[in-house]
Amino acid sequence: MKIDNIDIAKKPMLIAGPCSAENEEQVMAVAKALAGKAAFFRAGLWKPRTRPGCFEGVGKEGLLWMQRVRNELSQPVATEVATAEHVELALSAGIDLLWVGARTTANPFAVQEIADALRGCDVPVFVKNPVNPDLELWIGALERLNNAGVTRLGAIHRGFSSYGEKYFRNAPQWQLPLELRRRLPQLPLVCDPSHISGKRELIMSLSQQAMDLNFDGLMIETHCNPVCALSDSRQQVTPDELSVILDRIVHRSVSADNGEFQSYRNQIDEIDEALMGLIAKRMEVSREIGELKRDKGFTVFQPSRYDETMKRCEAYCERARLDAEAMKDIFEAIHSESIRQQLRILNDDKR
Ligand code: PEP
Ligand code: MN
């Protein structure tokens, strides 16, 4: 992919503004309160709502208000586009940055339509992750835009949806944006803690985590009167609250390549080797049991045995003050690898 830089005055790149443009006064009030702080002022004009009957955005009328922000406050502006028509309208209004929303990224037909409408245009486009945790779909959307000639691309991590009661509105699943960063290191990566959290109280800690994970920027929904916002009212902060969040964020340096770290890193490398040795030994023993299970005609998966292993893991975690959830993930991975090895013994036997 050919990716060009986006000029931003300072890092972290801040994209702030209301979830939705509601009326001219609201847009101007938020934009004035944010002037000088944000690299881009955001406001959604066409709102993708889950259920019909909710506020679905003011549409193209809002473009005039965005132009006022741009011209009167010298503030670059950004909005979401979901169709070719949105792209055409936004471009002719001089919107400085477009973003593709999470629901749209999940639909390659829609992304292709947007890419076709952008052919030959020199506008930066940021792509939110799809609602489902599918990295290929996210990269696929970036590729469609890139193939149409959009080179000033960026990605926005806004979390992934799931069913049922949950702490976050959209689970962060940080491993996905981090893998995106590994695959496309030159792509600017912005975190949207508003849509991840769904509640303003969590925006500070998520923003700090994003900075600690070396994200390039933040998209934070900001409204002068969040409780009265027509969309996403629980997750918006006031401009003053945004200032407090930005002031409190601790910026740590990226590179830890100096000597101080070396002795610790050597220790970690040794521990990792020992761990791998132990895992290899564990797999060897589990293959031997696998052969025994095969010879005696037992199933590979023994639920009671699995429960015992997990209970022992929990008890150990309590004694050693380890995070039980995290250790459970590790043990589940080890256990499922054991099972895979034992299944292979049965399959090899059939061949
Ligand atoms: C938004 O940014 O207001 C929005 C609709 O976000 P998402 O596409 O992440 O749901
Ligand atoms: Mn929103």
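Order of appearance sets the numbers: ligands from 1, and atoms from 1 within every ligand.
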Q: Pull up every protein N/O/S atom sitting under 2.8 Å from the Mn ion (ligand 2), skipping waters.
A: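 Checking every protein N, O and S atom gives Cys19 SG, His195 NE2, Glu221 OE2, Asp232 OD2.
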
Q: Would you mind reporting whether Pro226 and Arg200 have side-chain heavy atoms less than 4.5 Å apart?
A: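 Contact flag for Arg200/Pro226 side chains = yes.
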
**Q.** Minimum side-chain heavy-atom gap Arg287-Gln342 below 4.5 Å
**A.**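 In short, these two side chains do not touch, never coming nearer than 4.5 Å.
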
List ligand 1's nitrogen or oxygen atoms that come under 3.5 Å of a protein nitrogen or oxygen, with the partner atom and distance.
| unit_1 | atom_1 | unit_2 | atom_2 | d |
| --- | --- | --- | --- | --- |
| ligand 1 | 2 (O) | Arg42 | NH1 | 2.7 |
| ligand 1 | 2 (O) | Arg42 | NH2 | 3.4 |
| ligand 1 | 2 (O) | Lys128 | NZ | 2.8 |
| ligand 1 | 3 (O) | Arg42 | NH2 | 2.9 |
| ligand 1 | 3 (O) | Lys47 | NZ | 2.8 |
| ligand 1 | 3 (O) | His195 | NE2 | 3.4 |
| ligand 1 | 3 (O) | Glu221 | OE2 | 3.2 |
| ligand 1 | 6 (O) | Lys128 | NZ | 2.9 |
| ligand 1 | 6 (O) | His195 | NE2 | 3.4 |
| ligand 1 | 8 (O) | Ala102 | N | 2.8 |
| ligand 1 | 9 (O) | Lys128 | NZ | 2.8 |
| ligand 1 | 9 (O) | Arg158 | NE | 2.6 |
| ligand 1 | 10 (O) | Arg103 | NH1 | 2.9 |
| ligand 1 | 10 (O) | Arg158 | NH2 | 2.8 |

Q | Ionic contact status for Glu179 with Arg182, cut-off 4.0 Å | A |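 Between Glu179 and Arg182 there is a salt bridge, with a charged N closer than 4.0 Å to a carboxylate O.
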
Q. Do NZ/NE/NH1/NH2 and the carboxylate oxygens of Arg183 and Glu136 come within less than 4.0 Å?
A.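 Glu136 and Arg183: salt-bridged.
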
Q: Please check if atom NZ in Lys166 has more than 12 non-hydrogen atoms from other residues, nucleotides or ligands closer than 6.0 Å.
A: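 It does: Lys166 NZ has more than 12 such atoms within range.
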
Q) Do the numbers put Lys311 on top of the ring of Tyr306, so that NZ or CZ is under 6.0 Å from the six-membered ring centre and no more than 45° off the axis? A)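 No, a cation-pi geometry is absent between Lys311 and Tyr306.
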
Q) Does the ring centre of Phe41 sit less than 6.0 Å away from the ring centre of Trp65? A)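 When the ring centroids of Trp65 and Phe41 are compared, they turn out to be at least 6.0 Å apart.
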
**Q.** With Arg42, the side-chain contact (heavy atoms from CB on, under 4.5 Å) member among Val30, Leu14, Ile15
**A.**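 Looking at Val30, Leu14, Ile15, the match for Arg42 under the side-chain contact (heavy atoms from CB on, under 4.5 Å) is Ile15.
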
Q.
Restricting to non-hydrogen atoms, name the atom on Leu118 and the atom on Leu98 that form the minimum distance, rounded to 0.1 Å.
A.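 Shortest heavy-atom contact: CD2-CD1, 3.9 Å.
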
